[in-house]
Amino acid sequence: MAEQKEGSSAQPHQEDVDKNSGDPPGTLAQEEKVRHSAAVGTPISGVKVETGLDNGETSSASSTERHISIQTKLEGLEMLVDLNGAGRKACPLCPEEKFKACYSHKLRRHLQNLHWKVYVEFEGQRMCICHLPCRQLKPNLSGDHAPGRLVAHYHCVVCSVTIARKTDMISHLKRHVNKGETEASYSGGSDIPFEDPVPIGQAYEIMKELGTNVQLLPNHTTPQKSDTYFNRKMKTNRQLVFCSLAVLAEERNPLECLDAFGATGIMGLQWAKHLHNAVKVTINDINEACVKMIRENCRLNHIRVEGGQAPHHTDAAGDVEGLPIASVEVFKMDANVIMHLRPFDYIHLDPFGTAVNYLDAAFRNVRNLGIVSVTSTDTGSLYSKALNVTLRHYSCQIVRTEYYRELAARMVVATVARAAARCNKGIEVLLAVAVEHFVLVVVRVLRGPTQADECTKKIRQLIHCQWCEERVFLKAGSMVEDNLYRQLPCNCHGSMPGKTAVELGPLWAGPLFNTGFLRRMLFAAVHHSMDDIQPLVKTLICESECTTLKSFSSHGHSLHTNQVECGVVIKTLQKAEEATSPDQSGKRKITEESGNVLKKPKPDASLEHPPFYYSIHRHSIRGMNMPKLNKFLQYLTEAGFRVSRTHFDPTGVRTDATLAQFKAVLTKYSVPTYTASQTGSHGLSSEEGTRKVE
């Protein structure tokens, strides 16, 4: 009834506008459009329906119904006009100056031959061509809106955007399909009752991920158009962060964890809904619209809201006893402020872009042995597309290489390590992933200046040969060398004129993975039925061990073994709890134990995975057919090298072999594409490659 009243009030509002502007009264087409909007409660192009808000402001109310040009049958298009009545009728999809009012038989032919035949189809819906003035006129150079030529266009069935060209609309719909968005989005329906979930007149969608319902607004995938930004492709990121928090919750609980940039609040709600009393979740966002959306999403999932002045509301539809299944704290505050005010055990930073502005505040107040996870989505600066931004944000010099994804991950880790060192804290890298369009880094915080000094020693410069793309980290030391090219395994500088290498960095030279932590993450992924990330975590485990053997177990025995592997820091925590006597010998014993713990990884430095990887396609030999990737990994293993695949590149091979040895094995087992008369020369090249490997 409210929508019908708003629609019926649209006609007098339009007449008032015509009187004030001095224009003639509305045409037949406008009257027909107003009459249709009053019948179905849908505002159409050219007619604004304004509703008063509580604060006295007015806003244009958008509807959940699709545009009238989107139909499934021809009868639906003809029902927009009463073709059985007498008199002249105006076309509902054309203005008066485009198509004048005519009799029913002529209007029916016009609808059939023009609007119904010129269309774009998507999942059974026809987006017929529209000639109404739906597209806003752009101001000219003088600043006033000059009347221009009306442009025919189509209305998207998913996001309601108007696009002029048919080919552009087809490409636009393909992007929706790639993002997982269909015509069912923005349906506005929900089986779960809740009070005024969105601003009046705005469409919404209920999306479910990992058993958590979240309410989304239109244009939620475009941060420039919506405050409550949500990206479906970040599901992998959210699940990896969840598994890392679940592993930390097994070590100690309850944990105080913070989602510093809540947006829709889906990540914090998943923590609270699945980990229950093991975590105390705090969701923060500086935007008022996001905070309201987070509170409504808490109500959708029967989670009690604490903090602020949010009304407590529980719904017994999803709970037998009518009690909330968990509780979260929701704050409207700057992320830097809340991280300075309160200490946390787990902090997740996921701003839109780079996170370097929040690292100092995160490490200032995080607890010892806590975890900080950082998600960076500024791929332009991370992947060498905007070198000036890279230098400004990360203080790093890089170039585009074949291993640019791992280069970006090591650059982010180096920035995180420097931020932790400024707070007299060190880090232990648990996970560094570069998938799709984000870089995720998960580190454990180790308090103390000694730990900070150990981490800063792992930040070094990298020498990269621009001819053969061989690379090596500079040796630690303050003495200046006469010729840095000597550290490169290749001989390009001697055979090529001029300078052949560039110095990149500073970068993180330590390991990017912790095998024990990854194994426990796999156990958590299996326990919470996260089938999407299990292959990725298994690849990370093989990559951390630099092996192709895939022996995984999610039972308790392997979990206990992995806890000993992973962290020496967990062992330090247990010793500190047991030592309660205040005598001096006990303190000396703790320091000795912790000193032994810090020195423990040093003998195992040779077992760390080798830095960077080689792309088998990048170094293929012209005129030769390469072996299959799995076969090539087997050949490298038989040659005595450590080898594994990498998640950074599906064609990449992580190995401790040099580039010359890598190419020699690749040449040996490649099959020539020449005729049979030239097979003898291939045999000679294979023998030469064997000598190089030996």
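Positions are given from 1 along the sequence.
In terms of modelled atom types and a separation under 3.5 Å, the side chain of Lys385 and the main chain of Thr379 share no donor-acceptor contact. No donor-acceptor pair under 3.5 Å is formed between the side chain of His528 and the backbone N or O of Cys243. Panel note: side chain His153, backbone Val151; a donor-acceptor pair is recorded below 3.5 Å. Judged by distance alone, with hydrogens and angles left aside, the side-chain atoms of Asn301 form a donor-acceptor pair with the main-chain N or O of Asn297 at under 3.5 Å. With hydrogens and angles disregarded, no donor-acceptor distance shorter than 3.5 Å links the side chain of Thr264 to the backbone of Phe230. Here the side chain of Asn284 pairs a donor or acceptor atom with the backbone of Met333 at under 3.5 angstrom. Ser104 contributes a side-chain N or O that, together with a main-chain N or O of Leu83, makes up a donor-acceptor pair within less than 3.5 Å. At least one donor-acceptor pair under 3.5 Å links the side chain of Arg400 to the backbone N or O of Tyr383.
Judged by distance alone, the side chains of Asn213 and Lys208 never bring a donor and an acceptor atom under 3.5 Å apart. Side-chain contact of Tyr403 with Ser615: a donor-acceptor pair under 3.5 Å is absent, judged by distance alone. Side-chain atoms of Asn357 and His393 form no donor-acceptor pair, as typed in the model, at a separation below 3.5 Å. Side chains of His115 and His110: a donor on one and an acceptor on the other come within 3.5 Å. Side chains of Ser381 and Asp378: a donor on one and an acceptor on the other come within 3.5 Å.
Counting heavy atoms from C-beta on, the side chains of Gln71 and Met127 never come closer than 4.5 Å. Between Glu78 and Arg108, the closest side-chain pair of non-hydrogen atoms falls below 4.5 Å. Here the side chains of Cys128 and Trp116 are in contact, with some heavy-atom distance below 4.5 Å. A heavy-atom distance below 4.5 Å is not found between the side chains of Cys130 and Tyr154. A 4.5 Å side-chain heavy-atom check between Asn231 and His437 finds at least one atom pair inside the cut-off. In this structure, the side chains of Leu382 and Ser376 come closer than 4.5 Å at one or more pairs of heavy atoms. Here the side chains of Cys396 and Leu391 are not in contact, with every heavy-atom distance at 4.5 Å or above. Between Leu536 and Thr236, the closest side-chain pair of non-hydrogen atoms falls below 4.5 Å.
The aromatic rings of His67 and His155 sit parallel, their planes meeting at an angle under 30°, below the 60° perpendicular limit.
Surrounding CD of Gln534 are more than 12 heavy atoms belonging to other residues, nucleotides or ligands, all under 6.0 Å away. Atom CZ of Arg392 sits in a crowded spot, with more than 12 heavy atoms from other residues, nucleotides or ligands closer than 6.0 Å.
For the pair Val439 and Ala409, the tightest heavy-atom approach, listed with the atom from each and the gap, is CG1-CA, 4.0 Å. Taking every heavy atom of both residues into account, Pro92 and Leu132 meet most closely at O-CD1, 3.5 Å. Scanning all heavy atoms of the two residues, the minimum distance from Asp82 to Lys89 falls at O-CE, 3.0 Å. What you find for Thr390 and Ile398 is that their closest heavy atoms are CG2-CD1, 3.8 Å. When all heavy atoms of Gly87 and Tyr103 are compared, the closest pair comes out as O-CD2, 3.8 Å. Considering every non-hydrogen atom in both Thr539 and Thr646, the closest pair reads CG2-C, 4.4 Å.
Judged by the 6.0 Å and 45° rule, Arg126 forms a cation-pi pair with Tyr119.
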Worked verdict on Phe122 versus Val158 for side-chain contact (heavy atoms from CB on, under 4.5 Å)
CA-CA 10 Å; Phe122 181 71; Val158 180; 4.0 Å; yes

Steps toward side-chain contact (heavy atoms from CB on, under 4.5 Å) verdict (Leu258, His348)
CA-CA 6 Å; Leu258 170 69; His348 176 62; over 6 Å; no

Could you give me the CA-CA distance, side-chain angles and deciding distance for Glu96 and Lys98, then say whether salt bridge (charged side-chain N to carboxylate O under 4.0 Å, His left out) is met?
CA-CA 5 Å; Glu96 182 69 18; Lys98 175 71 176 177; over 6 Å; no

Step by step, would you call Val435 with Phe648 a side-chain contact (heavy atoms from CB on, under 4.5 Å)?
CA-CA 7 Å; Val435 180; Phe648 292 111; over 6 Å; no

As a quick check of understanding, evaluate salt bridge (charged side-chain N to carboxylate O under 4.0 Å, His left out) for Arg232 and Glu209, giving each step before the final call.
CA-CA 9 Å; Arg232 300 175 188 269; Glu209 180 181 297; over 6 Å; no

Given the rule in the side-chain contact (heavy atoms from CB on, under 4.5 Å) test, do Leu210 and Arg238 qualify, once you have shown the distances and angles that lead to the verdict?
CA-CA 10 Å; Leu210 199 61; Arg238 288 188 286 268; over 6 Å; no

Test ring-ring contact (aromatic ring centres under 6.0 Å, His included) on Phe261 and Tyr358 and set out the steps.
CA-CA 11 Å; Phe261 301 89; Tyr358 308 96; 4.9 Å; yes

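The distance from atom CZ of Arg295 to atom NZ of Lys292, rounded to the nearest 0.5 Å, is 9.0 Å. Rounding to the nearest 0.5 Å places CD1 of Ile283 at 4.5 Å from CG of Leu269. Here the CE atom belonging to Met234 is positioned 10.0 Å from the CG atom belonging to Leu240, to the nearest 0.5 angstrom. Atom CD of Glu329 is separated from atom CG of Asp259 by 13.5 Å, given to the nearest 0.5 angstrom. Here the straight-line distance linking atom CD1 of Ile68 with atom CG of Leu77 works out to 8.5 Å at 0.5 Å rounding. With values rounded to the nearest 0.5 angstrom, Thr167 atom OG1 is found 13.0 Å from His172 atom NE2.
Evaluated for a side chain to side chain contact (heavy atoms under 4.5 Å, CB included) with Val412, the options Val441, Thr375, Val356, Leu359 yield exactly one hit, Val441.
Electrostatic pairing of Lys235 and Asp532 counts as a salt bridge here, judged by a charged N lying under 4.0 Å from a carboxylate O.
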